[in-house]
Protein chains: 2
Amino acid sequence: MGKPTRVTNRIRALRFAAGEMTQAELADRVGVTRQTIIAVEQGRYSPSLEMAFQIARVFGVPLDDAFEYPKEA
Amino acid sequence: MGKPTRVTNRIRALRFAAGEMTQAELADRVGVTRQTIIAVEQGRYSPSLEMAFQIARVFGVPLDDAFEYPKEA
DNA sequence: CCCCGATGTCAGGTCTGTTTGACATCACGG
DNA sequence: CCGTGATGTCAAACAGACCTGACATCGGGG
């Protein structure tokens with residue numbers, strides 16, 4: 001139980017928008033584990049900046065489009 | 001000796017552009033340590049996505065403007 | 001000259017992102 | 001009915017981000 005990750009993402013939506021891309025395939029393309037994709041997709045924790053960049057790149061969208069950070073606590 | 005952080009940033013430039021903002025002040029505003037700012041600024045490691053968002057927000061720029069990720073290995 | 005603010009370094013320790021591997025469920029097709 | 005692909009869960013371990021605290025340097029003022 002650490003801090004709830006305030007960062008949200010649109011990975012799932014982007015996956016489906018990209019022709020029903022599977023979690024396993026995304027994980028493979030990004031170079032991480034399927035587990036990691038699941039955890040991030042579910043918002044259990046936020047990815048590293050590098051991983052965020054790679055994910056956004058896979059879908060061809062800017063970072064701010066794939067991930068969002070709410071205003072203040 | 002881990003992996004060299006492929007992510008680069010324009011923090012230093014942004015700091016000076018923002019009226020000579022000091023590392024300590026940025027650290028304070030972002031809510032991290034001065035050490036962390038130094039390390040990130042020097043590219044010793046890439047920040048978390050949350051921290052990246054906060055930094056970009058301090059300077060009022062989009063993520064992709066504050067941080068860059070080079071093409072391929 | 002001395003002090004102080006700003007930057008940088010080093011050592012150690014904590015926390016969380018990431019991995020590996022095993023396993024459960026559900027939908028689908030043969 | 002059985003097998004398989006996609007998703008999800010849990011546990012344990014490792015790695016890297018981040019912290020604390022101490023200290024070194026350099027430049028500018030008083």
Side-chain angles (χ1 to χ4, degrees), chain A residues 1-59 61 63-70 72-73, chain B residues 1-59 61 63-70 72-73:
Chain A
M1 316 169 184
K3 323 180 166 177
T5 293
R6 284 144 271 163
V7 178
T8 63
N9 67 82
R10 301 204 309 118
I11 298 184
R12 186 170 282 265
L14 289 168
R15 269 199 310 120
F16 282 97
E20 303 275 329
M21 179 187 298
T22 174
Q23 290 179 334
E25 187 182 340
L26 175 56
D28 196 56
R29 288 227 222 164
V30 171
V32 298
T33 324
R34 195 170 60 83
Q35 298 259 16
T36 303
I37 295 295
I38 294 177
V40 170
E41 200 170 291
Q42 288 174 165
R44 279 210 289 234
Y45 50 69
S46 51
S48 68
L49 186 53
E50 308 212 22
M51 185 180 166
F53 264 114
Q54 296 177 64
I55 291 177
R57 186 158 295 180
V58 165
F59 295 119
V61 300
L63 265 188
D64 302 270
D65 198 353
F67 300 90
E68 282 170 37
Y69 192 69
E72 258 306 289
Chain B
M1 326 199 184
K3 324 181 167 179
T5 293
R6 284 142 272 164
V7 178
T8 63
N9 68 81
R10 302 203 311 115
I11 298 183
R12 186 171 284 266
L14 289 168
R15 265 180 45 229
F16 282 97
E20 302 276 328
M21 178 187 298
T22 173
Q23 291 179 334
E25 186 181 340
L26 175 56
D28 196 57
R29 288 227 222 164
V30 171
V32 296
T33 326
R34 194 170 61 83
Q35 299 257 16
T36 302
I37 294 295
I38 294 178
V40 170
E41 200 169 292
Q42 288 175 165
R44 280 209 286 225
Y45 50 69
S46 50
S48 68
L49 186 52
E50 307 212 23
M51 185 180 166
F53 264 114
Q54 297 177 62
I55 291 177
R57 186 158 293 179
V58 165
F59 296 119
V61 301
L63 266 187
D64 302 272
D65 197 353
F67 300 91
E68 282 170 36
Y69 193 68
E72 261 302 290

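The figures here come from the full heavy-atom set of this structure, side chains too, leaving out hydrogens, waters and symmetry mates. So that the names make sense, note that chain A is the first sequence line, chain B the second, and so on, each numbered from 1.
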Protein-nucleic acid N or O pairs under 3.5 Å, nucleotides 7-14 of chain C:
residue	atom	partner	partner atom	Å
C:dT7	OP1	B:Arg15	NH2	2.5
C:dT7	OP2	B:Thr22	OG1	2.7
C:dT7	OP2	B:Gln23	N	2.9
C:dG8	OP1	B:Arg12	NH2	2.7
C:dG8	OP2	B:Arg12	NH2	2.9
C:dG8	OP2	B:Gln23	NE2	2.6
C:dG8	N7	B:Arg34	NH1	3.3
C:dG8	O6	B:Arg34	NH2	2.9
C:dT9	OP2	B:Gln42	OE1	3.0
C:dT9	OP2	B:Gln42	NE2	3.1
C:dT9	O4	B:Gln35	NE2	3.2
C:dC10	N4	B:Gln35	OE1	3.0
C:dC10	N4	B:Gln35	NE2	3.0

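Rounded to whole angstrom, the span from the CE atom of A:Met51 across to the P atom of C:dT19 amounts to 7 Å. Between the C1' atom of C:dG5 and the CD atom of B:Glu25 lies a distance of 13 Å, rounded to the nearest Å. Between A:Leu49 atom CG and D:dA17 atom P there is a gap of 10 Å when expressed in whole angstrom units. Rounded to whole Å, the distance from CZ on B:Arg6 to P on D:dG16 is 11 Å. Rounded to an integer number of Å, the gap from A:Ile11 CD1 to D:dA6 C1' is 17 Å. To the nearest angstrom, P of D:dA17 lies 7 Å from OH of B:Tyr45. Separating the CG atom of A:Asp28 from the P atom of D:dG5 is a distance of 15 Å, rounded to the nearest angstrom. To the nearest angstrom, P of D:dC18 lies 10 Å from CD of B:Glu50.
By the side-chain contact (heavy atoms from CB on, under 4.5 Å) test, A:Thr8 is found to be paired with A:Glu68, residues two or more places apart in sequence or in another chain being considered. Taking the side-chain contact (heavy atoms from CB on, under 4.5 Å) definition, one finds that A:Ala17 meets it with nothing, sequence neighbours left out. With sequence neighbours excluded, no residue satisfies salt bridge (charged side-chain N to carboxylate O under 4.0 Å, His left out) with B:Arg57. Partners of B:Asp64 by salt bridge (charged side-chain N to carboxylate O under 4.0 Å, His left out), not counting sequence neighbours: none found.
Side-chain N or O atoms of B:Arg6 include none that pairs as donor or acceptor with a backbone N or O of B:Tyr69 at under 3.5 Å.
Looking at A:Val32 and A:Gln54, their side chains never come closer than 4.5 Å, going by heavy atoms from C-beta outward.
Remark: B:Ser48 is in phosphate contact with D:dC18, judged by side-chain N or O atoms under 4.0 Å from OP1 or OP2.
For residues 28-40 of chain B, the set of pairs meeting the salt bridge (Lys or Arg N to Asp or Glu O under 4.0 Å) definition, not counting sequence neighbours, comprises B:Glu25-B:Arg29.
Counting non-hydrogen atoms under 4.0 angstrom, A:Thr33 reaches a base of the nucleic acid.
Distance from the side chain of B:Thr5 is smallest for D:dA17 among the nucleotides D:dC18, D:dA17, C:dT18.
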